[in-house]
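All figures in this text were calculated on a predicted structure; none of them were measured in a lab. Quick note on labels: first sequence line is chain A, next is B, and so on, each numbered from 1.
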Amino acid sequence: MDAAPHPPRFTFRRADRLTHAREFQAVYKAGVRKVRGPLIVFALPNGLPRARLGLSVGRRVGNAVARNRVKRLVRDAFRLERHALPPGYDLVVSVRPHEPVGLAEHRAHFSAAWRALDKEWRRREQRRGGGDAPIDPTTDASGGASGGTSGGTP
RNA sequence: CGGCGCGGGCAGGCGGCCGCCGCCGGGAUCAACACCCGUCGGAGGAAAGUCCGAACACGACAGGACACGGUGGUGGGCAACACCCACCCGCUCGCCGGGUCGCGAGCGAGGGACAGUGCCACAGAAAGCAAACCGCCGAUGGCCCUCUUCGGGGGGCACAGGCAAGGGUGAAAGGGUGCGGUAAGAGCGCACCGCCCGGCUGGCGACAGCCGGGGCACGGUAAACCCCACCGCGUGCAAGGUCACGCAGUCCCCGCGCGAUCCGUCGCGGCGCCCGGUCCGGGCGAAAGGGGGCGGGUAGACCGCUGGAGCGCGUCGGCAACGGCGCGUCGAGAGAAAUGGCCGCCCAGCCGGGCCCCGGAGCGAUCCGGACCCGGUGGACAGAAUUCGGCUUACAGCCCGCGUCCGACC
RNA sequence: UGGGGAUUAGUGUAACGGUAGCACGACUGAUUCUGGUUCAGUUAGUCUAGGUUCAAAUCCUAGAUCCCCAG
């Protein structure tokens, strides 16, 4: 539970991923997104000391090899940039069809989008709560998830 | 050497750093499948398309018949197949300008059209049963004219009748070519070719060869319905199983009769319900339940999940596909879904330049090819999803092996 | 992953195995001062490649593309 001790590690394992449809739905439902290059990045505060990533790459991007490559590049971008960027968000990256690009370009686009999303959420929190508790993402995330499934239809 | 064809193999390599998944071992922790450390392993020849065949699971012990679907030369291989191998037959091409044989390559869903039905547009007289539009003939019979030695002869008509050669239509018109024959013709006769029937020989067989007979009746289409033979139950790992969490019910249908009775039941007949598309058949039922519709809830974890018709080598059998035996060997198991990213060097290949050298052409200037050096560029198609066997489709290039590169006769 | 369906002119759709039609559109001309309407005419197609058949949009095989469904 203690944030990255001394050496920041550039890992990315299962706990750092979004693994269920309800988590994806919660992030989509929050409706906060930024577009940079071929990436459409959604974000939602998750109440955890780290960021988590989910990927959505449609068939239109290319065949299975091309889609796998894009996902690996975006994962590497997340892995290498996560310590330099604000934690505590669930991020979903949707990829639009595009010409193949390298890792450096993905890192630049991803971190730019991430910073813009952090800025957007801070602005929202200030407008709503004023000097209230800055973020209470635990209830926010869980409430959003359960609210999204049960109270979404009406 | 090169071109073409066939078969087999590879699918860039090495190093550093940052990462991902799994097995095993160790550590930390109250404990752990979570965390940390370490060893080892981690995409393909097509993993693809999902076109066939199986394994496996459930449904009812998956059994019989029908329906439906599939397959279709023969023999073999295989767990099985629509796959593979060998052979047969047919067609096309090459060796040659033509023919025959032979060799080579390619293609073929290649059983049955006297079991039945359908269809064959347009054109054409006629499209399947024989017929006759233009036409040919008119020997024989008829009519007319004429000659006559009174026996008959000659000419005409195309009425009866004979014919299917030629024309024409068509994809296809009831064997083909030639000779004889005839009034004209026709397998009417003959020769060769084709076809049909029978026999013998060879072959496991498809079939082939030879001999004899028959003048010949048999159109096409079954990737039209169909017939025959053989095969096939349905659904699919999101199959299916275990655990956890969670919810709300409601509506409809069925739930028999007789007899015996020691009142526990038993027998008989039917009935009802359920079970594959239907039937046979099977199971359940007697106040205990069974089935269906609508609605509601959960969609988390684990097992299935990778050692198998497995792979490699040797040897034996077989033309081969493949099989027997022996030895060795373990090569991914993810789950919003791993097997990657960056950097450096090197190697094929491609582009540009240089030029001492080598080979070829030319009288020659020079040109072409190769080797060498420098710079640039720099890998195709494509990503396991229950697992195998095939098929099909995509693919930069490289390596190895084999075959072939002017057949005989007229 | 599994299952089902479709593909005909620029678009939407017809067609027992026998000449590919129809509507809207586009283009040209006429009518009009111009445009529209109307009239006449033209254009252009069976997803691709093989096979069966005398003959294929249709039958068969393989491939391509698109859509839908289950979960």
Roughly how far apart, to the nearest Å, are [N] and [M] at atom [atom1]?
N: rC207(B); M: rU74(B); atom1: C1'; result: 9 Å
N: rG45(C); M: rA20(C); atom1: P; result: 12 Å
N: rU393(B); M: rU61(C); atom1: C1'; result: 14 Å
N: rC227(B); M: rG72(B); atom1: C1'; result: 14 Å
N: rA172(B); M: rU177(B); atom1: P; result: 16 Å
N: rG5(C); M: rA48(B); atom1: P; result: 24 Å
N: rA55(B); M: rC402(B); atom1: C1'; result: 39 Å
N: rU28(C); M: rA14(C); atom1: P; result: 32 Å

Under a 3.5 Å cut-off for both contacts, is [N] paired Watson-Crick or G-U wobble with anything, and if yes, with which nucleotide?
N: rG349(B); result: rU377(B)
N: rG277(B); result: rC66(B)
N: rA160(B); result: rU140(B)
N: rU298(B); result: none
N: rU250(B); result: rG293(B)
N: rG106(B); result: rC91(B)
N: rG194(B); result: rC216(B)
N: rU393(B); result: none

Could you pull out all donor-acceptor pairs under 3.5 Å where a side-chain atom in residues 92-101 of chain A meets a protein atom, sequence neighbours excluded?
| from | atom 1 | to | atom 2 | distance (Å) |
| --- | --- | --- | --- | --- |
| R96(A) | NH2 | G37(A) | O | 2.9 |
| H98(A) | ND1 | R96(A) | O | 2.8 |

(request) Using salt bridge (Lys or Arg N to Asp or Glu O under 4.0 Å) as the criterion, list what pairs up with R107(A), not counting sequence neighbours. (result) E81(A)
(request) Summarise how protein sits on nucleotides 336-341 of chain B as a single string, 5' to 3': B when a protein heavy atom is under 4.0 Å from the base, S for sugar-phosphate-only contact, - for no contact. (result) BSSSBS
(request) Taking the side chain as every heavy atom from C-beta outward, state whether N68(A) and V57(A) have any atom pair closer than 4.5 Å. (result) no
(message) Are the side chains of P87(A) and R82(A) in contact, using a 4.5 Å heavy-atom criterion?
(response) no
Return the value, rounded to whole Å, for the distance between atom [atom1] of [X] and atom [atom2] of [N].
X: R67(A); N: rA382(B); atom1: CZ; atom2: P; value: 12 Å
X: E81(A); N: rC18(B); atom1: CD; atom2: P; value: 18 Å
X: E23(A); N: rA299(B); atom1: CD; atom2: C1'; value: 15 Å
X: E105(A); N: rC342(B); atom1: CD; atom2: C1'; value: 16 Å
X: F78(A); N: rC20(B); atom1: CZ; atom2: P; value: 12 Å

Since syn is defined as within 90° of 0, does [N] count as syn or as anti?
N: rG240(B); value: anti
N: rG264(B); value: syn
N: rG45(B); value: syn
N: rU392(B); value: anti
N: rG151(B); value: syn

(request) Report the C-alpha separation of L91(A) and F110(A) in whole Å, then their side-chain angles, then the decisive distance to 0.1 Å, and conclude whether the side chain to side chain contact (heavy atoms under 4.5 Å, CB included) test is met. (result) CA-CA 10 Å; L91(A) 298 157; F110(A) 195 8; 4.3 Å; yes
(request) Decide whether N46(A) and Y89(A) meet the rule of one side-chain donor and one side-chain acceptor closer than 3.5 Å. (result) no
(message) Please convert RNA chain C into dot-bracket. A pair counts if it is Watson-Crick or G-U wobble with both distances under 3.5 Å; crossing pairs go in [ ] and bases paired with another strand get |.
(response) (((((((..((((....[..)))).(((((.......)))))....(((((..]....)))))))))))).
(message) I need the minimum non-hydrogen distance between L18(A) and G54(A), along with the two atoms involved.
(response) CB-CA, 4.1 Å
(request) List the atom of A43(A), the atom of A30(A), and the distance in Å for their closest heavy-atom pair. (result) O-CB, 4.2 Å
(message) Restricting to side chain to side chain contact (heavy atoms under 4.5 Å, CB included), what partner residues turn up for K119(A), sequence neighbours left out?
(response) none
(message) Per the ring pair (Phe, Tyr, Trp, His ring centres under 6.0 Å) rule, what does the pair list look like for residues 33-82 of chain A, sequence neighbours excluded?
(response) F12(A)-F78(A), Y28(A)-F42(A), F78(A)-W114(A)
(request) Please answer: with hydrophobic residues joined when any side-chain heavy atoms are less than 4.5 Å apart, are L73(A) and V65(A) in the same cluster? (result) no
